[in-house]
Structures are given as C-alpha cells and as structure tokens.
Amino acid sequence: MKNILVVFTGGTIGSTAVGGTINTSDAAPYKLIQLFQQHHASREQISFHSVQPMQILSENLAPVVWEKLIAVIEAQDIDRYDGVIITHGTDTLAFTASALGLYFNALDIPILLVSSDSPLDDPHANGLPNFICAVEYILQGRGAGVFVPYTNRNQTTQLHRGTRLASSLQLGGDFMSVQGKSHCRFVNGAFTQNGFIDTQKLRQPVPLKADFTKRVLLIRPYPGLDYRYINLDAVDVVLHDLYHSGTACSSAQWGDQFSLLTFIRQCRERGIKVYLAPAVKSDNAYESTRELLQEGAEMIWNMSLETAYVKLLLAYGNFSDERQIMDFIDRDVACEHV
C-alpha cells in the first residue's frame, strides 16, 4: 500500500469550462483521481488522502499563498506518506515549483506539482498523463525533491526539477527546463535519464522559515524602459531581468532615463540592492554586462529568473546579515544552479 497526499489548489486542472469561461470548480479536482482510478484499476493499491486548502487560478497567486501551502503540508502527518502531489495552474507554476523546491530542500519524500493545459473535460488535456507520471514517480521510489511532470503537445512526458523549470513558452502551453535539460523522461511507465543527473542527496539541508519577503521588486527589460516611472518607496531589493545574453541597457545615448546604470546609482543612493539574472557565468561577457557589475549590481549566476526571484524572497525573509544573505544565494540548495 502506497499513501499519497494530494493537495488541490485550483488552476485549470481544477476547473471546468462553462459558457466559454474557465473557472475553478468544486467537483473538478476529485475528477482527476476518479479518472486515474478508471484508467489504472489494476495498479497496485494506492491510498489517496486529499485536502483542498484553496481554490484559485494561479494567475491570482501571491507569495502569501506559498506560505499557506507550506503550512498545510507541514500540518499533515507527513511521515505516513510516500509522496505529495499538488495540483496547480500553469501561469505561475515555475515560481511555485521554485518556492517549494527551495523551502523543502530537506524533505525525504518527493513533492510533485501537477497541472493541465486544459480542463479535464477536454479529451486533449494533459492533466491525467501528468498525474499518472507523478503517481508512478512516487510508486517507483525514485527519490526526494520537488518535481513537475509535464507533457508538451506531441512529445513524451518530461519530469522537471522544480528549481529548474522555466515559465511556459509564449503563445503556447509547452514547458521546458532551463537549457532544455529536464530531469528525466517518462515513457511507457518507465523513467529514462536525459543525460543530466543532479545530486541533491549530496547537499547539506538548509533549514528555512516560510517567510517570503514582500519587498523585492522584479523588473523586466524591454526597449524604451523608462526607469523614471518605477516607484521604489516600498522596495528593499530589486531583481532586474536580463536579455538572453545576460545583458540590459547600459547606454545613456537616448537619455539617462533608459539606462540601467543610472537606475543602479539611484538605487544605491537609497540603500537598495540591485541583483541581475539570469546569466551563465563564463570567461567572456558583453561590455554592457561588465559595466552593470562595475556599477555595483550583483549577478545571480547560472539560475533561472523564477528561482532567482524566489530565492531572494526567502533570503531576505530569513536572514538579516548581508553575508548570510549572499551565502544563501550563492549556495546550491536544491539543484538550482545549472
């Protein structure tokens, strides 16, 4: 007998489409287990224990939801379970996967986040295949960690490390791990390595409080970003996204208001730390990147934007000493460094 805790939170996988509108439904979450039992009646005995602490579409999520979700899981008698499955929407899936992956870095059972690209009533929805992969991962005792099984259109199911999952591709519903390196594939009931093997078991656990600071501002770059319109009154830390080559505008050719260098100076004058991500560390870097670092910005190397953001929330929520904060950011807590 395998015991699995299923935590329903809403999302498309917990929704129905009525009159052209998709919204959460009281019945939809439990339909997932019913569908699994119908298709896998001959599978070994499994005991599902379910809780439903919230019903939200994931685009409405705020970091306080992670704190509530963690509290719900920790309130369970976790030792009686072989694994945990959390249903979740796709819009903020990568952020929640990172949050749980970092926080539960010491947990010795797997947690898997399961989503669906369409409501379960849609015959083309991938919610059931994703759930099947999650259940099989637990049944086969594949190991601890936070993972996301996801089946892209016309592809085999991939299992992603939670701290390496990138947000869905634009104008589509496909998910990838950073650098295209998922943890493993799930084909015909078997898990096959993709040539990438992480070593979370070798890491020293980092105990954390479920305290995600609310004073980190994430800024995305785009041509014409005017920093004069950014209000820093309630901000302690800025995380500035970068273009794919690890760059952002460092030129004042078209005006100081468009230069990240000028913005970094303004933040420094107000005692606000500026971090940059994502970027792969190498011997060579663009001149603009070097200028940003010379101006005092701190690069978070070799980490997805989603995980860098969540890690900053935890760092500044858990530590007050600057050295502790930097040690935590630099430390590979849950296989987040590529």
Side-chain angles (χ1 to χ4, degrees), residues 94-95 98 102 163-167 169-170 176-181 196 198 213 215-232 235-316 319-338:
F95 289 95
S98 292
L102 291 169
T163 54
R164 296 192 179 203
L165 182 70
S167 294
L169 299 176
Q170 295 181 28
M176 296 174 60
S177 292
V178 290
Q179 299 186 329
K181 299 176 182 177
F196 158 66
D198 54 43
T213 183
R215 299 177 65 86
V216 174
L217 174 65
L218 173 59
I219 300 175
R220 302 264 192 169
Y222 56 87
L225 170 59
D226 190 331
Y227 292 96
R228 294 175 300 179
Y229 299 124
I230 297 175
N231 188 331
L232 296 171
V235 175
D236 292 334
V237 181
V238 168
L239 173 62
H240 200 292
D241 186 15
L242 300 173
Y243 295 123
H244 78 95
S245 52
T247 60
C249 179
S250 63
S251 171
Q253 181 178 1
W254 315 115
D256 283 342
Q257 68 270 30
F258 303 119
S259 172
L260 178 52
L261 285 177
T262 301
F263 181 70
I264 292 171
R265 295 187 198 110
Q266 294 169 348
C267 288
R268 186 171 62 246
E269 291 169 0
R270 300 182 60 164
I272 298 172
K273 184 86 172 181
V274 177
Y275 294 88
L276 308 173
V280 175
K281 193 169 187 178
S282 67
D283 294 334
N284 297 314
Y286 284 90
E287 180 183 8
S288 55
T289 305
R290 296 199 185 280
E291 289 175 338
L292 297 175
L293 297 179
Q294 289 167 3
E295 195 58 49
E298 191 78 41
M299 185 72 78
I300 301 179
W301 296 106
N302 302 334
M303 195 184 306
S304 73
L305 177 71
E306 293 86 352
T307 299
Y309 173 69
V310 172
K311 201 168 188 182
L312 283 174
L313 299 189
L314 279 170
Y316 282 85
F319 310 107
S320 56
D321 180 76
E322 187 70 22
R323 178 38 51 196
Q324 288 180 310
I325 290 171
M326 291 309 303
D327 285 346
F328 177 70
I329 292 171
D330 292 339
R331 186 171 182 175
D332 197 16
V333 176
C335 300
E336 64 272 23
H337 290 123
V338 299

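N231 and V235 get closest at one heavy-atom pair: O-CG2, 4.1 Å. Across all non-hydrogen atoms, the minimal contact from A279 to G246 is CB-CA, 4.1 Å. Closest approach of R290 and A285 over heavy atoms only: NH2-N, 3.5 Å. Closest of all the heavy-atom pairs between I329 and M303 is O-CE, 4.0 Å. Between S251 and S259, the shortest heavy-atom distance links the atoms O-CB, 3.4 Å. Scanning both residues, Y286 and S245, for their nearest heavy atoms gives CE1-CB, 3.6 Å.
The backbone N or O of H337 lies less than 3.5 Å from a partner atom in the side chain of D332, making a donor-acceptor pair. In this structure, the side chain of K281 does not engage the main chain of W301 through any donor-acceptor pair within 3.5 Å. The closest donor-acceptor contact from the side chain of R268 to the backbone of E295 lies under 3.5 Å.
Counting only heavy atoms from C-beta outward, the side chains of L225 and F258 never approach each other to under 4.5 Å. Using a 4.5 Å cut-off on side-chain heavy atoms (C-beta onward), Y275 and V237 make contact. Within the 4.5 Å cutoff, the side chain of L232 has heavy atoms near those of the L217 side chain. Using a 4.5 Å cut-off on side-chain heavy atoms (C-beta onward), E336 and R164 make no contact. In this structure the side chain of V333 reaches within 4.5 angstrom of the side chain of K311, judged on heavy atoms. Counting heavy atoms from C-beta on, the side chains of S167 and F95 come closer than 4.5 Å.
Separation of atoms CD (Q324) and CZ (R331) is listed at 12.0 Å; rounding is to 0.5 Å. To the nearest 0.5 Å, atom CG of residue L260 and atom CZ of residue R265 are 10.0 Å apart. If you take OG1 on T163 and CG on L165, they are separated by 9.5 Å, rounding to the nearest 0.5 Å. Taken to the nearest 0.5 Å, the CG atom of L242 stands 11.0 Å off from the CZ atom of R220. The CG atom of L239 sits 5.5 Å away from atom CD1 of I300, with the distance rounded to the nearest 0.5 Å. Once rounded to the nearest 0.5 Å, the distance linking CG of L276 with CG of L293 reads 6.5 Å.
Ring pair Y227/H240 is tilted by interplanar angle, where 30° to 60° counts as tilted. The aromatic rings of F319 and F328 are tilted relative to each other, their planes meeting at an angle between 30° and 60°.
Counting only N and O atoms by type, the side chains of E291 and S250 include a donor and acceptor under 3.5 Å apart. Side-chain contact annotation: T307 with S98, donor-acceptor N/O pair under 3.5 Å present.
By the 4.0 Å N-to-carboxylate-O rule, R323 lies too far from D321 to be salt-bridged with it.
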Q.
With side-chain contact (heavy atoms from CB on, under 4.5 Å) as the criterion, how do Y316 and K273 come out once you've worked through the C-alpha distance, each side chain's angles and the decisive distance to 0.1 Å?
A. CA-CA 11 Å; Y316 282 85; K273 184 86 172 181; 4.0 Å; yes

Q: Test I272 against D236 for side-chain contact (heavy atoms from CB on, under 4.5 Å), laying out the working first.
A: CA-CA 5 Å; I272 298 172; D236 292 334; over 6 Å; no

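Annotation: E287, atom CD; neighbour count of heavy atoms from other residues, nucleotides and ligands within 6.0 Å does not exceed 12.
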